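Just so we're clear, the structure is a prediction, and the values are computed from it rather than from any experiment.
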Amino acid sequence: MIRGSGGSDMPCRLRRVRHAAEAPRGHDPRLPRPPLGRQPRRRPERRRAALAALVLLIPALLGAAPAGSGETVSLSGTEPGQRLDVTLVRVVDPALPADPAGPAPDASTRLVAVRFRLENTGTAVYKDSPAPAAHLLDTSGQRFAGLNTATTAGNSFPDTVTLSPGGAADGHVTFRLPEGAVPAAVQFALNGGLADDVGQWSLPQH
């Protein structure tokens, strides 16, 4: 189940579809109807535009929260008492490696850092690795797993984060993307990303 902040359903607008044998509104009955079977064919450009609009609407229909807005999603894990409030704080694109002498992205890739705030709102101790729990999706549908790579964007999460009930922590998860990839959404799930309850934030397109 993918959910965004609030998890509320958004209203859908229904459009009345006119059948070929139905006269247009305002049609004068004294005038001949247009012959059947000669309806204008849809242009490929219109189909592509409709498909593009549908792709842009998918995050909204899923109730996804906008990126960098401080929106919080409450997520549950696979074990009793596991519940975490996850806030996407900001996205840094591109992010620079923290160690100039360390391995750097080649000319075909770049780093993107996403800052999360985690708060244990459950009754069980949260002990998990945030990096594999996070994924970034680009506009072409590719999905990239989180890394513990340190960047100049700020502190990274340790390999394992332990939070008692009521405890909180914040840090960055890093993603390595192809240079031309356009980030579209960020996802987070408990239990190393394997829980069914998945939070998703849509990213603004520039």
Side-chain angles (χ1 to χ4, degrees), residues 2-5 59 64-77 82-122 125-140 142-195 197-206:
I2 297 180
R3 60 167 70 175
S5 64
S69 63
E71 293 289 343
T72 300
V73 179
S74 183
L75 301 174
S76 59
Q82 291 182 335
R83 180 158 290 276
L84 197 70
D85 278 5
V86 183
T87 305
L88 190 150
V89 180
R90 67 170 182 166
V91 177
V92 179
D93 181 13
L96 301 176
D99 183 4
D106 56 38
S108 64
T109 62
R110 73 182 191 278
L111 299 179
V112 176
V114 178
R115 183 180 178 184
F116 293 98
R117 175 174 171 80
L118 312 178
E119 182 180 357
N120 186 354
T121 56
V125 173
Y126 170 81
K127 187 175 183 180
D128 204 351
S129 178
H135 290 83
L136 188 148
L137 290 74
D138 69 5
T139 53
S140 69
Q142 293 190 77
R143 194 166 182 252
F144 303 91
L147 306 170
N148 283 326
T149 303
T151 70
T152 57
N155 65 298
S156 299
F157 284 112
D159 289 340
T160 301
V161 172
T162 302
L163 297 175
S164 299
D170 67 283
H172 290 78
V173 175
T174 305
F175 303 89
R176 186 183 295 270
L177 274 66
E179 184 57 42
V182 179
V186 174
Q187 294 180 339
F188 194 97
L190 275 65
N191 307 111
L194 300 178
D197 201 8
V198 181
Q200 178 168 301
W201 296 260
S202 60
L203 303 182
Q205 304 299 303
H206 300 289

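- Using a distance-only test at 3.5 Å, with no hydrogens or angles considered, no donor-acceptor pair links the side chain of Thr149 to the main chain of Thr174.
- Within the 4.5 Å cutoff, side-chain heavy atoms of His172 are placed close to those of Arg90.
- Side chains of Gln82 and Asn191 form a contact here, defined as non-hydrogen atoms less than 4.5 Å apart.
- The minimum heavy-atom distance between Ala181 and Leu177, with the atom names listed, is CB-CD2, 4.0 Å.
- Side chain of Arg110 to backbone of Glu179: a donor-acceptor contact under 3.5 angstrom is found.
- Side-chain contact between Asn120 and Pro165 is present, with at least one heavy-atom pair separated by less than 4.5 Å.
- The shortest side-chain heavy-atom distance between Val186 and Leu88 falls under the 4.5 Å cut-off.
- Side-chain atoms of Asn155 come within 3.5 Å of backbone atoms of Asp170 as a donor-acceptor pair (strictly under, hydrogens ignored).
- Put simply, the side chain of Val182 does not reach to within 4.5 Å of the side chain of Asp138, judged on heavy atoms.
- Leu136 and Phe175 get closest at one heavy-atom pair: N-CE2, 3.5 Å.
- We find the CG-CG distance between Leu190 and Asp128 to be 6.0 Å, quoted to the nearest 0.5 Å.
- Residues Ala134 and Val173 come closest through the heavy atom pair CB-CG1, 4.1 Å.
- Inspection of the Asp85 and Thr72 side chains reveals no N or O donor paired with an N or O acceptor under 3.5 Å.
- In terms of heavy atoms, Val161 sits closest to Ala169 at CG1-CB, 4.4 Å.
- Residue Phe188 forms a side chain to side chain contact (heavy atoms under 4.5 Å, CB included) with just one option from Asp197, Thr87, Val73, Leu84, and that option is Leu84.
- Contact detail for Ala189 and Ala195: the closest heavy-atom pair is CB-O, 3.9 Å.
- The two residues Trp201 and Gly199 make their nearest non-hydrogen contact at CZ3-O, 3.7 Å.
- The shortest side-chain heavy-atom distance between Leu118 and Leu163 falls under the 4.5 Å cut-off.
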